[in-house]
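These notes concern the structure reproduced below.
In this text the structure is predicted, and so the values were computed from the model without any measurement.
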Amino acid sequence: MSDLLKLKPEEYLIREGEESNEMFFLKSGTLGVFKTKGNVERQIGTIMAGELVGEMSFLDGQPRSASVKAINEAIITVIPQETLDKIQGSLPPWYKALVNTLLDRLRRANARIKV
C-alpha cells in the first residue's frame with residue numbers, strides 16, 4: 001500500500017547521503033534536485049509531475065546521491081521497499097542483473113559530473 005505525502009515549497013523529500021527504504025512518484029508539483037559542494041547547494045535537475053524520484057538508491061541500496069526538495073507544493077506517492085521486494089521475487093535473475101548494470105553505469109556517470 002502506498003501513502004501520499006504533501007510537501008510545501010522548500011521542504012526536503014530526500015537528503016544527500018541518506019539511506020533509502022522507499023522511492024517516490026510525483027503526482028503533482030515540481031521538485032528540485034540539489035548537490036552540495038562545500039557549503040554551497042546547487043540545483044542540478046528538476047523532477048516534474050509523472051516522474052519517479054529516489055529510484056536509484058531504492059533499487060541498489062546505495063546512499064542517496066542528491067537532495068530533493070519541493071519547488072512548489074507537491075503531492076507524492078510513497079512506494080515502500082516491501083512493494084519492490086514482492087515484485088522482484090517474480091522476475092528472472094537476468095532482469096535484476098540488467099537493473100544493477102544500468103544503475104552502476106549511471107552512478108559512475110553521475111560521479112564525473114562537476115557541480
Side-chain angles (χ1 to χ4, degrees):
M1 182 79 184
S2 300
D3 293 323
L4 285 181
L5 180 64
K6 294 180 183 179
L7 293 181
K8 295 178 180 162
E10 298 298 315
E11 278 190 289
Y12 281 88
L13 175 65
I14 292 171
R15 293 203 184 257
E16 188 173 351
E18 287 180 332
E19 290 187 24
S20 170
N21 296 317
E22 54 207 6
M23 73 174 166
F24 308 94
F25 175 75
L26 182 59
K27 292 183 68 136
S28 65
T30 307
L31 302 173
V33 180
F34 297 85
K35 290 285 281 180
T36 301
K37 186 172 185 179
N39 292 331
V40 179
E41 184 179 69
R42 294 183 192 232
Q43 187 170 350
I44 61 167
T46 305
I47 306 293
M48 307 299 285
E51 295 183 325
L52 291 170
V53 63
E55 73 285 352
M56 285 175 45
S57 294
F58 181 74
L59 290 169
D60 70 8
Q62 297 293 314
R64 302 289 192 183
S65 61
S67 295
V68 177
K69 65 181 173 180
I71 302 297
N72 51 41
E73 189 171 296
I75 299 176
I76 299 154
T77 301
V78 179
I79 304 165
Q81 185 69 45
E82 299 82 45
T83 301
L84 177 66
D85 293 343
K86 288 178 189 174
I87 293 169
Q88 280 189 325
S90 65
L91 297 173
W94 62 261
Y95 187 83
K96 185 165 176 127
L98 169 67
V99 169
N100 288 338
T101 299
L102 293 172
L103 288 169
D104 181 59
R105 290 178 183 164
L106 183 56
R107 283 199 183 273
R108 283 189 276 145
N110 282 348
R112 290 191 298 266
I113 296 171
K114 303 292 183 211
V115 178

Check: Taking only residues at least two apart or on different chains, which pairs with a member in residues 12-26 satisfy side-chain hydrogen bond (donor to acceptor under 3.5 Å, both in side chains)?
Finding: Tyr12-Glu41, Glu16-Lys35, Ser20-Arg64

Next item on the list: Measure the spacing between CG of Leu31 and CG of Leu13 and express it to the nearest 0.5 Å.
Entry: 6.5 Å

Margin query: Determine whether Thr30 and Met48 satisfy the following criterion, side chain to side chain contact (heavy atoms under 4.5 Å, CB included), listing intermediate values before the conclusion.
Written below: CA-CA 5 Å; Thr30 307; Met48 307 299 285; 3.9 Å; yes

Checklist line | Any residue meeting side-chain contact (heavy atoms from CB on, under 4.5 Å) with Ile75, in chain and number order, not counting sequence neighbours | finding: Leu4, Lys6, Lys27, Ser28

Checklist line | Pairs where residues 51-62 contributes a residue and the test salt bridge (charged side-chain N to carboxylate O under 4.0 Å, His left out) is met, not counting sequence neighbours | finding: Asp60-Arg107

Check: With Arg108, which residues qualify under salt bridge (charged side-chain N to carboxylate O under 4.0 Å, His left out), at least two apart?
Finding: Asp104

Note to self: Show every salt bridge (charged side-chain N to carboxylate O under 4.0 Å, His left out) that has at least one partner inside residues 72-82, sequence neighbours left out.
What the structure shows: none

Check: Who are the side-chain contact (heavy atoms from CB on, under 4.5 Å) partners of Pro93, not counting sequence neighbours?
Finding: none

Notebook entry, point to check: For Glu11, what residues pass the side-chain hydrogen bond (donor to acceptor under 3.5 Å, both in side chains) criterion, not counting sequence neighbours?
Noted result: none

Margin query: Side-chain heavy atoms under 4.5 Å apart, restricted to Ile/Leu/Val/Met/Phe/Trp/Tyr: what other residues fall into the cluster of Phe34, or is it alone?
Written below: Ile71

Notebook entry, point to check: Can you list the steps and then say if Leu7 with Ile76 is a side chain to side chain contact (heavy atoms under 4.5 Å, CB included)?
Noted result: CA-CA 8 Å; Leu7 293 181; Ile76 299 154; 3.6 Å; yes

Checklist line | Distance (rounded to the nearest 0.5 Å) between Asp3 CG and Phe24 CZ | finding: 10.5 Å

